[in-house]
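For reference, the structure is listed below as structure tokens.
Per chain, numbering begins at 1; letters A, B, ... match sequence-line order.
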Amino acid sequence: MLYFVGQVLPYIAGAIFLIGVIYRVAGWLKAPVPFQLTLFPAPTGGAGRVAAVGTELILFKSLYKNDKNLWLWAWVLHVSLAMVIGGHIVGIYFLMNQFTLIGMSSSASQATSAFLGTVSGIALLVALIVLFYRRLANPEVKKLSDPADYIDLLFVLVIALTGNHMRLPGVHVDLPAVKAFMGNLLTFSPTPIPDDPIFIAHFTTVMLFMIYFPFSKMLHFAGFLVNRAMLVEAAPVYPTPAGTPLRSPFAGAKAPVADSGQAKGVQA
Amino acid sequence: MKIPLHMAKEKDLQSAGLVAVPEKEQQQALLKGIDEYRHWARSIMVMLETCTKCGACANACHSYLGTGDFNNIPAARADLFRKIYKRYFTWTGKTIGRYIGAEDYDAETLAKWVTYFYQCNECRRCAVYCPFGIDTAEITIAARSIMSAIGVVPRFMTGVAANMIKTGNNMGIPKPATIDCCEFMEDEMREETGLEIKIPVDKPDSDILYIPSSADFFSNVDTMIGVAKFFHAIGANWTIPSTVLEAANFGLLFNNDAMKEQNQRMRDAAKMVGAKLVVQGECGHGWRAAKMYTEGSNGPAPFGIVHILDYAYQHLGKLKFEKLPWRVSLHDPCNYARAGDIIEQPREILKACVTEFVEMTPNRERNFCCGGGSGILMDEMMDIRMQLGKKKAEQVKELLPLDFLATPCSICKAQMPHVMKHYGMEDLKMGGVMDVVGKAIVLA
């Protein structure tokens, strides 16, 4: 069983995650955008468009001007999630010594890493609980929600709980062993999973979540980018510059023949 | 809540070039329509699959705020489409449908679609406030187009389409009446100014093709007069086309093929008179259709396309005005501000023409729709139209007293007087921005 969880499941989960996400996003991108959906006032120039989508991505600007309360918790959720994911990558790779790269001592780096990890982990947990509560407490949102909307939150909540568990005082996780295990997984020479029930629980829920991910609304991160890209597209210019390709087969098809009125109009 | 919309019968459909699908084949036909549409336009799949049901759109939508009907929350409205889409076109919807909110097509599906996709004004305000920028207008446009292709469409829409086919405008004005009307307006202007200001119809070798709203020949004559005076002032070589005497393009509001066809009329008319520039009159969605849909509908266009308010703004320095002693505000038509990039131009024009210009709150791309947008102008919908106009009325009320409210879009011009009357402001004078130009301009 541990063999399966530690040395087989990660590859199944990774493959489903990657293929699933690519398959769904590719499915969207295959369809043309027959008309510019520019939402005005629109940014101009490539840099302006990147900046507009970037501020939406990083600051959730549209949500901020709409609902400050929801904005706060959604923003805390996503920022702490980004911190946690980033922390996993550098923290495990450098064994919490990543801040020595900016001149800290090894012990200061480990303390900073532990502090940031703990704060982010708790912020994530609190934001998840608040947003779960909001889904139940706001009658409009409750009526809008599907079972999957609750499960999505609970799924991440379980991951955050098992992750935070490892940070409780008195709980010790053998980080070098985790690093070695992860490194071997990523270099396709899997070794047995460290025999620590809390870590195994955390790791397993993450693997299950990766399998769940491409079938779920978690893909909203990709939807955000594809959708925002449509909204900031440059508006058409007339006369159409020479060499502009047809946007879609629809533009190339002949318009249905406008009948009587059109034909008679001018001669009448 | 069922809405009292009159639906097209077989005869109405025929007159608009549409056909009805027998009831027992409707499900199959609707699903086929959805399947084709999702491969036809990227927005549908992305927007349907991205919503996280956060509910942030609820307070952004005047339709929900005005009616209080849950299904008028943009996310809920889109969900009527999403539930069917998921059930028949996603793996999870086919297997664990209930879990992700998928739903079988049933006897109620089409009725719900008609009810709620015809309470959406396609104003795009939800797209401004949604964290993902999900634009429920896209879903509504798709749903209406798919429904009309199987013969489910309001009689109002087929009536407009039939007029368009017969006469080239929504009102059904034949060419002789157009010419009469132009002569009448020329007489009016001669009496007022003593000048020979022409409104040329189908004049060959014109540089500018001006496409007015057909309503400017009935109820909004002052808009057409303002435009004629403006063109006279700048010495333009212009004409209006009798073949497409219509800036509106109702195809955008119920059927994409009809939209494409009408767009082709504009191209043909421009070619016929040799115009290098098409100037669009005061019509909100028609401007969106012209600016944003011309290239996508029929490919490259060899002429420029500009809105009359943008064009007038470009020439503002050359015009002379005697400022009207009025307190004026501007209602931003949705399809100008959010969908057509006409935001500052009407403001600058009004400031040049009147002594006091005040903003309503919110304004520009955050403005609320008048409640008539997307062609919800049916008489039988009057009660609902008044609910859809509730936010607008509240906005205007805060600004009183006003001498004039500029509503530079034919649909706004048709809807707003009803709304103002309903909410106790029947004395408020309203009209286009070009109406004000016509009254303030000083002609040599």
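- For residues 64-78 of chain A, no residue pair satisfies the side chain to side chain donor-acceptor pair (under 3.5 Å) rule, not counting sequence neighbours.
- Ranking B:Arg366, B:Arg267, B:Lys276 against chain A, the residue ahead of the rest is B:Arg366, based on heavy-atom pairs under 4.5 Å.
- Taking the six-membered ring for Trp and thresholds of 30 and 60 degrees, B:Trp40 and A:Phe250 have ring planes more than 60 degrees apart, a perpendicular arrangement.
- Heavy-atom distances place both the backbone and the side chain of A:Leu37 under 4.5 Å from chain B.
- Put simply, the side chain of A:Arg134 gets close to the backbone of B:Cys54: a donor and an acceptor are under 3.5 Å apart.
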Tell me, with the steps shown, if A:Asp146 and B:Lys86 meet salt bridge (charged side-chain N to carboxylate O under 4.0 Å, His left out).
CA-CA 12 Å; A:Asp146 305 317; B:Lys86 280 181 179 168; 3.7 Å; yes
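- With chain A as partner, the option from B:Ile100, B:Thr92, B:Val278 having the largest number of non-hydrogen pairs under 4.5 angstrom is B:Ile100.
- Between A:Phe40 and B:Met292, some side-chain heavy-atom pair lies under the 4.5 Å cut-off.
- With hydrogens and angles ignored, the 3.5 Å screen pairs no side-chain donor or acceptor of B:Arg338 with any backbone N or O of A:Leu39.
- Distance CD1/B:Ile134 to CZ/A:Phe224: 11.0 Å, rounded to 0.5 Å.
- Rounded to the nearest 0.5 angstrom, B:Tyr129 OH and A:Lys61 NZ are separated by 12.5 Å.
- In this structure, a donor-acceptor pair under 3.5 Å is absent between the side chains of B:Glu295 and A:Tyr238.
- By the salt bridge (Lys or Arg N to Asp or Glu O under 4.0 Å) test, B:Asp135 pairs with B:Arg124, sequence neighbours left out.
- The shortest heavy-atom contact between A:Gly27 and B:Met45 is O-CE, 3.5 Å.
- Highest contact tally toward chain A, considering only B:Ile342, B:Thr294, B:Ile73, B:Val306, is held by B:Thr294 [criterion: heavy-atom pairs under 4.5 Å].
- The OH atom of B:Tyr99 sits 12.5 Å away from atom OH of A:Tyr150, with the distance rounded to the nearest 0.5 Å.
- Side chains of A:Phe35 and B:Met259 form a contact here, defined as non-hydrogen atoms less than 4.5 Å apart.
- With a 4.5 angstrom heavy-atom cutoff, A:Gln36 touches chain B via backbone and side-chain atoms both.
- Between A:Lys217 and B:Glu49, none of the side-chain N atoms (NZ, or NE/NH1/NH2) sits under 4.0 Å from a carboxylate O, so this pair counts as no salt bridge.
- Listed options B:Pro302, B:Ala75, B:Ser297 were ranked by heavy-atom pairs under 4.5 angstrom with chain A; first place goes to B:Ser297.
- Only the side chain of B:Glu138 has a heavy atom closer than 4.5 Å to any heavy atom of chain A.
- Contacts of A:Leu29 with chain B are made by both backbone and side-chain atoms, with heavy-atom separations under 4.5 Å.
- Considering only heavy atoms from C-beta on, A:Thr38 stays 4.5 Å or farther from B:Lys291 through its side chain.
- Side-chain atoms of A:Asn227 come within 3.5 Å of backbone N or O of B:Gly133 as a donor-acceptor pair.
- The two residues B:Gly296 and A:Ala251 have their closest heavy-atom pair at O-CB, 3.1 Å.
- When the shell of 6.0 Å around NZ of A:Lys142 is examined, it contains 12 or fewer heavy atoms from other residues, nucleotides or ligands.
- Of the listed residues (A:Met230, A:Met218, A:Arg247, A:Arg228), the greatest number of heavy-atom pairs within a distance under 4.5 Å of chain B belongs to A:Arg228.
- When heavy atoms are compared at a cutoff of 4.5 Å, B:Ala270 does not approach chain A at all.
- Panel note: side chain A:Ser62, backbone B:Val128; a donor-acceptor pair is recorded below 3.5 Å.
- Contact count against chain B (heavy-atom pairs under 4.5 Å) is highest for A:Ile151 among A:Ile151, A:Asn138, A:Leu70, A:Leu219.
- A salt bridge is absent between B:Lys53 and A:Asp152: the closest approach of a Lys/Arg side-chain nitrogen to an acidic carboxylate oxygen does not fall below 4.0 angstrom.
- The shortest heavy-atom contact between B:Ala56 and A:Leu63 is CB-CD1, 3.7 Å.
- The contact between B:Ile343 and chain A is made entirely by side chain atoms (from C-beta outward), counting heavy-atom distances below 4.5 Å.
- Two residues are said to be in side-chain contact when any heavy atoms from C-beta on lie closer than 4.5 Å; B:Phe70 and A:Lys143 meet this criterion.
- Using a 4.5 Å cut-off between heavy atoms, A:Leu246 touches chain B through its side chain atoms alone.
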List the steps, then state whether side chain to side chain contact (heavy atoms under 4.5 Å, CB included) holds for A:Glu140 with B:Tyr64.
CA-CA 11 Å; A:Glu140 287 153 349; B:Tyr64 174 60; 2.4 Å; yes
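- Judged by distance alone, the side chain of B:Arg42 and the main-chain N or O of A:Pro32 form no donor-acceptor pair under 3.5 Å.
- Residue with the most contacts toward chain A among B:Ala60, B:Ala337, B:Ala137, B:Pro176: B:Ala337 (heavy-atom pairs, distance under 4.5 Å).
- Of the possible donor and acceptor atoms, one in the side chain of A:Thr240 sits under 3.5 Å from a partner among the backbone N and O of B:Ala301.
- Contact count versus chain B (heavy atoms, under 4.5 Å) is highest, among A:Ala242, A:Gly223, A:Ala235, for A:Gly223.
- Both the backbone and the side chain of A:Ala253 come within contact range of chain B, judged by heavy atoms closer than 4.5 Å.
- Within the 4.5 Å cutoff, no side-chain heavy atoms of B:Arg98 are placed close to those of A:Pro147.
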